[in-house]
Amino acid sequence: MAQPITARPGKMRILLGNGETPEVFSAPCGLTTKGIQIQKNLSDVSIPDCDDPDAPYWLARDVTNLSISINGECGLAAESEAIWINAAYSTEAINAKVEIEFSTGIRTFSGAFHIDNFGINATQGERVSASISLQSDGIITTSFA
């Protein structure tokens, strides 16, 4: 059996755009966990059996919308703290990318996102940490190159 091609955690990056022209993307320092979720909202449609009107209906599902969320946790690095706070305070979406680098190529998700949650936490005996959550704003493209 052939081994699967996988990626190490450091090969997954959350990159934030700087809003300049040309836009430069960089990965804020300190992220220790990173995640991306693709959500799909569905509407249920009951499909009757035309040959047997008394039979239970089967449900069909239609996609009503798509959304992507990005989340992560980090030790709050002084080098990145202002980037996160400025993006969290912004009422405008920021451009962001998630890259997953495999030995066969890089999967990229990119588009506009709002930071909908930025929390700073401190626990006695540990370093100050932060949690982040971003929600897509419009179409998110994906590519593999």
Side-chain angles (χ1 to χ4, degrees), residues 1-50 56-145:
M1 182 173 115
Q3 292 290 316
I5 298 170
T6 60
R8 297 188 55 80
K11 298 297 183 181
M12 181 174 178
R13 296 174 289 279
I14 296 173
L15 305 156
L16 303 181
N18 66 358
E20 302 292 324
T21 304
E23 190 153 39
V24 176
F25 288 85
S26 61
C29 178
L31 283 170
T32 55
T33 64
K34 299 159 261 192
I36 183 168
Q37 292 79 36
I38 301 169
Q39 294 95 25
K40 187 184 296 185
N41 288 328
L42 306 171
S43 66
D44 293 347
V45 179
S46 294
I47 305 295
D49 184 331
C50 293
Y57 291 178
W58 280 98
L59 284 180
R61 292 189 168 86
D62 294 327
V63 176
T64 58
N65 54 54
L66 296 169
S67 178
I68 290 185
S69 61
I70 300 170
N71 60 64
E73 293 184 10
C74 60
L76 187 59
E79 299 84 353
S80 302
E81 171 266 343
I83 295 168
W84 290 120
I85 289 177
N86 290 339
Y89 267 98
S90 177
T91 58
E92 299 295 321
I94 61 167
N95 289 323
K97 295 180 184 182
V98 173
E99 294 180 343
I100 306 168
E101 184 179 339
F102 296 95
S103 62
T104 55
I106 299 174
R107 167 65 63 192
T108 303
F109 300 86
S110 58
F113 288 85
H114 283 282
I115 293 184
D116 70 319
N117 188 348
F118 177 71
I120 300 173
N121 311 296
T123 301
Q124 187 65 32
E126 298 178 12
R127 303 286 172 113
V128 173
S129 63
S131 58
I132 57 119
S133 173
L134 297 89
Q135 301 293 327
S136 61
D137 182 20
I139 295 172
I140 303 302
T141 60
T142 185
S143 62
F144 190 83

S.K.: Could I get the full list of salt bridge (Lys or Arg N to Asp or Glu O under 4.0 Å) partners for R61, not counting sequence neighbours?
M.R.: D44
S.K.: Which pairs count as salt bridge (Lys or Arg N to Asp or Glu O under 4.0 Å) when at least one residue sits in residues 119-142, sequence neighbours excluded?
M.R.: none
S.K.: Would you say S80's side chain and C29's backbone share a donor-acceptor pair under 3.5 angstrom?
M.R.: yes
S.K.: Determine, stepwise, if the pair V63 / L42 fulfils side-chain contact (heavy atoms from CB on, under 4.5 Å).
M.R.: CA-CA 5 Å; V63 176; L42 306 171; 3.8 Å; yes
S.K.: Any side-chain to backbone donor/acceptor pair from T142 onto T108? Under 3.5 Å, distance only.
M.R.: yes
S.K.: If you compare all heavy atoms of P28 against all heavy atoms of I14, which two are closest, and at what distance to 0.1 Å?
M.R.: CD-O, 3.5 Å
S.K.: Which distance, rounded to the nearest 0.5 Å, do you find between the CG of N117 and the OG of S131?
M.R.: 5.5 Å
S.K.: Looking at every non-hydrogen atom in both residues, tell me the closest pair between I140 and A112 and how far apart they are.
M.R.: CD1-O, 3.6 Å
S.K.: Rounded to the nearest 0.5 Å, what separates atom CZ in R107 from atom OG in S143?
M.R.: 7.0 Å
S.K.: Mind checking whether I68 and V98 have side chains closer than 4.5 Å, heavy atoms only?
M.R.: no
S.K.: Start with the C-alpha distance between N18 and S26, add both sets of side-chain angles, then the distance that settles side-chain contact (heavy atoms from CB on, under 4.5 Å), and finish with yes or no.
M.R.: CA-CA 8 Å; N18 66 358; S26 61; over 6 Å; no
S.K.: Just checking I47: does its CD1 atom have more than 12 heavy atoms from other residues, nucleotides or ligands closer to it than 6.0 angstrom?
M.R.: yes
S.K.: Would you say the side chain of S133 lies within less than 4.5 Å of the side chain of I115, judging by non-hydrogen atoms?
M.R.: no
S.K.: Which atom pairs, one a donor and one an acceptor, fall under 3.5 Å between side chains of residues 82-91 and the rest of the protein, sequence neighbours left out?
M.R.:
residue: N86; atom: ND2; partner: A82; partner atom: O; Å: 3.2
residue: S90; atom: OG; partner: E92; partner atom: N; Å: 3.0
residue: S90; atom: OG; partner: E92; partner atom: O; Å: 3.0

S.K.: Is a side-chain N or O of T64 found less than 3.5 angstrom from the main chain of N41, in a donor-acceptor match?
M.R.: yes
S.K.: Holding to salt bridge (Lys or Arg N to Asp or Glu O under 4.0 Å), I want the full list of residues that pass it with R13, two or more places apart in sequence or in another chain.
M.R.: E99, E101
S.K.: Answer yes or no: is there a donor N or O on one side and an acceptor on the other, between the side chain of K97 and the main chain of F25, under 3.5 Å?
M.R.: no
S.K.: Specify the closest pair of heavy atoms between F113 and A96, including all atoms of both residues, with the distance to one decimal.
M.R.: CD1-CB, 3.7 Å
S.K.: Between E23 and G19 (side chain of the first, backbone of the second, donor and acceptor by atom type, cut-off under 3.5 Å), is there such a pair?
M.R.: yes
S.K.: Output all residues satisfying side-chain hydrogen bond (donor to acceptor under 3.5 Å, both in side chains) with D49, sequence neighbours left out; order by chain, then residue number.
M.R.: none
S.K.: Side chains of I70 and F109: closer than 4.5 Å at any heavy-atom pair?
M.R.: no
S.K.: If you round to the nearest 0.5 Å, how far is OG of S103 from CZ of R8?
M.R.: 13.0 Å
S.K.: If you round to the nearest 0.5 Å, how far is CE of M12 from CZ of F102?
M.R.: 9.5 Å
S.K.: Checking the side chain of T32 only, and the main-chain atoms of E73 only, is there a donor and an acceptor separated by less than 3.5 Å?
M.R.: yes
S.K.: Do you know which two heavy atoms are closest between Q39 and S69, and how far apart they sit?
M.R.: NE2-OG, 2.8 Å
S.K.: Would a distance-only check, ignoring hydrogens and angles, find a side-chain to backbone donor-acceptor pair under 3.5 Å from K11 to I106?
M.R.: no
S.K.: Going by side chain to side chain contact (heavy atoms under 4.5 Å, CB included), name the residues that satisfy it together with N71, two or more places apart in sequence or in a different chain.
M.R.: Q37
S.K.: If every non-hydrogen atom of A27 is compared with every non-hydrogen atom of L15, which pair is closest and at what distance?
M.R.: N-CD2, 3.5 Å
S.K.: Could you tell me if the side chain of I132 sits less than 4.5 Å from the side chain of L134, heavy atoms only?
M.R.: yes
